[in-house]
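These numbers were taken from a predicted model, which means no experiment stands behind them. A note on names: the letters A, B, ... follow the listed sequences, proteins ahead of strands, and every chain is numbered from 1. Hydrogens, waters and symmetry mates play no part in the numbers below; they use all other heavy atoms, side chains included.
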Amino acid sequence: MSGPLLDVRNVSKAYGSTVACAGISFRLWPGEVLGIVGESGSGKTTLLHCVSGRLRPDAGEVIYQTRHRGTVDVLHLGEAEQRMLMRTDWGFVHQNPREGLRMAVSAGANVGERLMAVGARHYGRIRDSALDWLDKVEIDTGRIDDLPVTFSGGMQQRLQIARNLVSGPRLVFLDEPTGGLDVSVQARLLDLLRGLVARLGLSAIVVTHDLAVARLLAHRLMVMRRGEVVETGLTDQVLDDPQHPYTQLLVSSVLHP
Amino acid sequence: MTATTRDPQYNFAYLDEQTKRMIRRAILKAVAIPGYQVPFASREMPMPYGWGTGGVQVTAAIIGPDDTLKVIDQGADDTTNAVSIRKFFARTAGVATTANTTEATIVQTRHRIPETPMVEGQILVYQVPIPEPLRWLEPREAETRRMHALSDYGSMHVKLYEDISHHGRIATTYDYPVLVNDRYVMASSPIPKFDNPKMDNAPFLQLFGAGREKRIYAIPPWTAVKCLDFEDHPFEVQHWDDACAICGATDSFLDEIVTDDAGGRMFVCSDTDYCSGRVAADQKESAA
C-alpha cells in the first residue's frame, strides 16, 4: 500500500464565533503515531472528533485509505458505513472510560461486543479472544465476568483499550488516555500502550496536554493553539528545540522535580 | 360461545371512529414493515397501564360485529384480567365471546400463544409492556431507533453473552428476542420462549400493542421469525419431566402449582382451554 493512511485537508470547525479548528491539514502514515498537544481549549479534542467522524466539521475533507476499497471520504460516508468503520478498522479511547465502556455488562462482554457487532456468533471463540485480550492488557483473566464498575480507574482504561483493539483496528484515536490516572498507573498504561502500538503496527492519533505522554508515545507532534497548528515536527525535535514562542513556553513550563 | 347485546351508550368497541382509524393506519404500516415499531397516539383506556391497554386498543380497532373474541391471561380464560376484557368488548361492541381457540376470530393474549394451533384468518393480539428489545442496553430512544434503522444489533448478543457467562446457558426464558423477516429485532412480548417457535411462519396475523409505550408492531402471516442465539449455544425451549396432572399432556407449557405447606406441588397446563378440551375428549372416548 502506498500513500498516507489518513489525509486530513483543511478541516475547520467553529462553535458560533469561537473558532475551534481553523483549516487544519495533516497526513498520517501507516504505523505512525501522531501526538496533538496544546493547552485546554486549543481545539485538540474538537479536531480529533472531526477527524474520527464523531463530529461534523464546517469544512474540509478526511480521506481514509481502507483495507479493501481504496480511499474514502469519511465525512461523506453513510452512517451505517461510518459505524462499521468505527468498530472494525478504527478504535476510539475516551479520556473517561465510562464513556467508552458499557458499565452494566461484564468485562468479557465489553471486549466481545465489537466481535458480536460484526457477526461473531460463536460464544466459545468470543470468550477466548476476550480472555486473550484481557491478558494482553494485564487484567487478571479471573475477572472476565466482573462488572467494570468494580475495576479501578487504570483497569477500566486498560479494558477500554482491549475493547477497542479486539477487532484488530489499523487506526486508534486516543483522547487523553492517561487523563484521570495517578502517576504510577499512568506510567504502566503508557508502557502498555507503547508496547501494543509497536507490536501491532498500529497508527494512532494521541491527544494530550501532557508533554511526557507525547514524548513517550508519539513519533511526530502537532502543537495547537487557539484552533491553529503553530508547529509540527518530529517529537524530539519539537520538544528539544522548540521554534515557535508558544511551544517554547509550553516546553519550559513543564515541571522537573 | 356467548352472544351479548351492545350497550348503546358507547360507540362501537368503546373508541371513537377517528381513533380507530388512526390505530388502523398504524397497524397497516406495522404489517407492511414486519417487526418495526410504529408509534401511535395511545389513548387513555378505562383500565390501568399494564392491564393490556395496548392490546385492547388494537382489538378495538380491528374488531367487527361478526367477530368472536377470546381473551387469555397467562393461558387462562378465567382470570380477572381476561374476564374483564371479554366483558368490556361484550358490552361495548356486543360481540360474541368464547374460551375456545378454534371458534375465535380474534384472540387477545397476555403472555401465551394458545396450544391449539391457530389457523389462517385468525388474528392474535398481544399485550406488550416494553416493546423495545434494545432498551435494557441503551436507554436513549433516539439511539435505539437509529440502531434499528442501521440494523446495529450487536448489542442483543451482548445480552445473551452475559446470560451464558453468568448461568452457563441462555437463561432468558421469556420475552426472548427474535429477528423478524431477517430485518428487525423485535421483543416477543413476555411470552415464554416455549411459544417462540409458534411465531415462525405462522399462518395467522400477529399484532402487538403497547399502550404505555405507544407502539404497535406486527408479524404478517407466513413471515420468518428467528430466535437470536449462538452457534455453540443454540436456541432451545423449556422441557418438563412431568406431564399435566389434569389432562396428562406432555407437549404443553406447564405451570407449577404449590398445593400445600409440605412441599407438595403439581404441574398443570397453563392453557386452560387446551387442558379442558383434552379432558372432555378423553371422557367422550371412555363413554363410547
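Within the 4.5 Å cutoff, the side chain of A:Arg102 has heavy atoms near those of the B:Ser155 side chain. Here the side chains of A:Arg125 and B:Phe230 are not in contact, with every heavy-atom distance at 4.5 Å or above. Under the 4.5 Å side-chain criterion, counting only non-hydrogen atoms from C-beta, B:His157 is not in contact with A:Glu113.
Scanning residues 163-173 of chain B against chain A with a 4.5 Å non-hydrogen threshold yields B:Ile164, B:Ser165, B:His166, sorted by number. For residues 135-147 of chain A, a heavy-atom distance under 4.5 Å to chain B picks out A:Ile144, A:Asp145, given by residue number. Residues of residues 73-101 of chain A having a heavy atom under 4.5 Å from any heavy atom of chain B, listed by number: A:Glu79, A:Ala80, A:Arg83, A:Arg87.
With chain B as the partner, the residue from A:Ala120, A:Gly108, A:Ala104 showing the most heavy-atom pairs under 4.5 Å is A:Gly108.
In this structure, B:Glu231 contributes its side chain and A:Tyr123 its backbone to no donor-acceptor pair below 3.5 Å. B:Asp232 contributes no side-chain N or O that, together with a main-chain N or O of A:His122, makes up a donor-acceptor pair within less than 3.5 Å.
The 12-atom threshold is exceeded at CZ of B:Arg135, counting heavy atoms of other residues, nucleotides or ligands nearer than 6.0 Å. Residue B:Asp251 qualifies as enclosed at atom CG: its count of foreign heavy atoms under 6.0 Å is above 12. More than 12 heavy atoms of other shown residues, nucleotides or ligands fall within 6.0 angstrom of atom CZ in A:Arg54. Within a 6.0 Å sphere centred on CD1 of A:Ile63, heavy atoms belonging to other residues, nucleotides or ligands number more than 12. Atom OH of B:Tyr174 has 12 or fewer heavy atoms from other residues, nucleotides or ligands within 6.0 Å.
Residue B:Leu137 touches chain A through both its backbone and its side chain, counting heavy-atom pairs closer than 4.5 Å.
With sequence neighbours excluded, the residues satisfying side chain to side chain donor-acceptor pair (under 3.5 Å) with B:Glu256 are B:Arg265.
For the pair A:Ala109 and B:Glu162, the tightest heavy-atom approach, listed with the atom from each and the gap, is CB-OE2, 3.3 Å.
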- request: Quick one: do A:Val105 and B:Tyr161 satisfy side-chain contact (heavy atoms from CB on, under 4.5 Å)? Show the steps, please.
  value: CA-CA 10 Å; A:Val105 303; B:Tyr161 172 96; over 6 Å; no
